[in-house]
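Numbers here simply count residues along the sequence, with the first being 1.
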Amino acid sequence: MIPTDPCTALVVQLSDPHVGSRLAGRGLAASDVLRRALAVVRSLAGPVELVLVTGDLVDAGTDEQYDELFAVLDASGLRIVVLPGNHDDRARLRDRLEGRQPLEPSLDAVCTAVDAGPLRVIGLDSCVAGDDAGRLGPQQCAWLDAELAAHRQPTIVAVHHPPVPIGHALLDTMYLGDADELGAVVERHPHVERIVCGHAHRAVTVRWRGTVVTVAPSSIRQFAPAFAADAPFALSDEQAALAVHAWSGGPVGGTLATHVVGFDGRPDRP
């Protein structure tokens with residue numbers, strides 16, 4: 001048998017749960033599908049260090065939807081870090097996160113940096129009020145550059161909007177507007193193992209700027225592929241899913257593999 005390094009850390013990524021929406025269909029509440037996703041996380045065999053939720057946490061950014069979201073997340077018993085997406089309200093979310101997760105005090109944006117076993121996870125905020133596309137801005141890029149320079153362990157950088165086109169007719173009109181600035185930072189730091197994103201409601205992998213961009217599927221509902229320029233926007237019948245980023249080895253010389261885990265979103269399923 002070929003010798004292998006054991007899996008030493010799992011970072012589980014949920015994305016785009018859209019609590020408060022009707023995306024789940026079948027008469028299901030989005031918050032119930034999120035509970036089901038978190039139950040799947042708890043059932044994983046392996047060292048789950050962190051659950052990362054990469055934006056569009058709620059559907060309309062209201063206080064009521066954030067109440068519903070955090071009632072589910074707080075009851076899960078899991079260590080969770082969340083990022084905003086274009087459906088979120090930055091101010092309302094930041095207020096809710098005080099005392100729940102570390103926030104960078106020098107920025108108004110919802111930015112965080114945490115250790116997850118041998119990995120480091122840095123979360124960015126690409127929200128632009130009133131716009132479905134995203135932008136980080138020079139302050140966040142400078143902060144990311146400094147964080148990456150100060151901490152040299154293998155790092156996952158998380159942001160809601162993909163920084164690169166993914167081959168989807170609609171979504172490629174609303175990705176990260178200052179992707180070149182982010183890419184310039186990433187290229188300076190080869191210990192960035194992965195950039196993980198949401199927004200697209202599809203699992204997509206792209207090689208970019210010396211690293212790999214992994215777009216997670218939605219934990220409530222997928223969008224249909226739309227490769228042709230005139231392809232209509234539509235929902236898909238594919239399963240709800242999550243991404244498991246599995247690190248094998250120590251803080252030096254390990255490997256990061258990403259697994260997509262589909263699940264039945266109905267909360268009564270075993």
Side-chain angles (χ1 to χ4, degrees), residues 6-17 19 30-58 66-85 88 93-105 107 109-125 144 147-148 151 153-160 192-198 214 216-220 240-251 254 256-261 263 267:
C7 178
T8 52
L10 301 178
V11 174
V12 180
Q13 183 186 1
L14 310 181
S15 201
D16 301 84
V19 167
S31 56
D32 286 337
V33 182
L34 178 58
R35 285 189 185 89
R36 175 62 179 148
L38 294 167
V40 172
V41 175
R42 289 194 298 270
S43 74
L44 293 173
V48 177
E49 296 284 349
L50 184 71
V51 177
L52 175 66
V53 192
T54 47
D56 285 358
L57 310 171
V58 302
Y66 284 119
D67 287 344
E68 191 174 357
L69 170 74
F70 283 104
V72 175
L73 297 183
D74 291 348
S76 72
L78 296 162
R79 183 187 180 209
I80 297 175
V81 163
V82 305
L83 309 178
D88 288 297
L93 177 60
R94 191 176 176 95
D95 285 346
R96 301 302 179 96
L97 291 178
E98 293 290 346
R100 282 190 167 99
Q101 74 183 50
L103 295 172
E104 172 52 43
L107 298 170
V110 177
C111 295
T112 190
V114 297
D115 290 328
L119 299 170
R120 189 160 178 82
V121 177
I122 299 177
L124 303 175
D125 178 348
L144 173 65
E147 281 290 317
L148 290 170
H151 303 275
Q153 67 259 53
T155 299
I156 294 172
V157 174
V159 59
H160 179 67
V192 176
E193 288 284 339
R194 193 80 91 249
I195 298 174
V196 302
C197 314
T214 295
S218 171
S219 59
I220 184 170
L242 49 85
V244 181
H245 307 291
W247 179 258
S248 297
L256 188 66
T258 296
H259 302 250
V260 172
V261 178
F263 63 93

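When side chains are defined from C-beta on, Val19 does not count as touching Val72, because their heavy atoms never get closer than 4.5 Å. A heavy-atom distance below 4.5 Å is not found between the side chains of Glu49 and Trp247. Between Val82 and Gln101 there is a side-chain heavy-atom pair separated by less than 4.5 Å. Under the 4.5 Å side-chain criterion, counting only non-hydrogen atoms from C-beta, Leu124 is in contact with Leu144. Here the side chains of Leu256 and Pro154 are not in contact, with every heavy-atom distance at 4.5 Å or above. Counting heavy atoms from C-beta outward, Leu14 and Leu38 have side chains that approach closer than 4.5 Å. Under the 4.5 Å side-chain criterion, counting only non-hydrogen atoms from C-beta, Ser218 is not in contact with Ser15. Inter-residue side-chain proximity for Val110 and Leu103 is flagged as met; some heavy-atom pair is nearer than 4.5 Å.
Contact detail for Val11 and Ala116: the closest heavy-atom pair is CG2-CB, 4.0 Å. The two residues Val192 and Val157 come nearest to each other via the heavy atoms CG1-CG2, 4.0 Å. Scanning all heavy atoms of the two residues, the minimum distance from Pro84 to Leu93 falls at CB-CD2, 3.7 Å. Across Arg94 and Pro105, no two heavy atoms sit closer than the pair NH2-CA, 4.2 Å.
Legend: residues meeting side chain to side chain donor-acceptor pair (under 3.5 Å) with Ser219, ordered by chain and number and at least two apart, are absent. Annotation: salt bridge (Lys or Arg N to Asp or Glu O under 4.0 Å) contacts of Asp16 (sequence neighbours excluded): none. Contacts of Arg42 classified as salt bridge (Lys or Arg N to Asp or Glu O under 4.0 Å), with partners at least two apart in sequence or in another chain: none. With sequence neighbours excluded, the residues forming a salt bridge (Lys or Arg N to Asp or Glu O under 4.0 Å) with Glu147 are Arg120, listed by chain and number. By the side chain to side chain donor-acceptor pair (under 3.5 Å) test, Glu68 pairs with Ser31, sequence neighbours left out.
Formation of a donor-acceptor pair under 3.5 Å by the Gln13 side chain with backbone atoms of Pro217 is not found in this model. Between the side chain of Thr8 and the backbone N or O of Gly249 there is at least one donor-acceptor pair closer than 3.5 Å. Side chain of Ser248 to main chain of Gly254: no donor-acceptor pair is present (N/O by atom type, distance under 3.5 Å, no hydrogens or angles). Side-chain atoms of Arg96 never come within 3.5 Å of backbone atoms of Phe70 as a donor-acceptor pair (strictly under, hydrogens ignored).
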| request: Verify side-chain contact (heavy atoms from CB on, under 4.5 Å) between His245 and Leu52, making sure each step is shown before the conclusion. | output: CA-CA 10 Å; His245 307 291; Leu52 175 66; 5.8 Å; no
| Intermediate values then yes/no, side-chain contact (heavy atoms from CB on, under 4.5 Å), Val40 and Arg36 | CA-CA 6 Å; Val40 172; Arg36 175 62 179 148; 4.2 Å; yes
| Going through the checks in order, is the side-chain contact (heavy atoms from CB on, under 4.5 Å) test met by Val81 and Val121? | CA-CA 9 Å; Val81 163; Val121 177; 5.8 Å; no
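Put simply, the residue from Ile195, Ile156, Leu148 that forms a side-chain contact (heavy atoms from CB on, under 4.5 Å) with Ile122 is Leu148.
Taking CG of Leu69 as the start and CG of Leu57 as the end, the distance is 5.5 Å to the nearest 0.5 Å. Interatomic distance, Asp56 CG to Asp88 CG, rounded to the nearest 0.5 Å: 6.0 Å. To the nearest 0.5 Å, atoms CD (Glu104) and CG (Asp125) are separated by 12.5 Å.
Residue pairs meeting the salt bridge (charged side-chain N to carboxylate O under 4.0 Å, His left out) criterion with at least one partner in residues 70-85, sequence neighbours excluded, are Asp74-Arg100.
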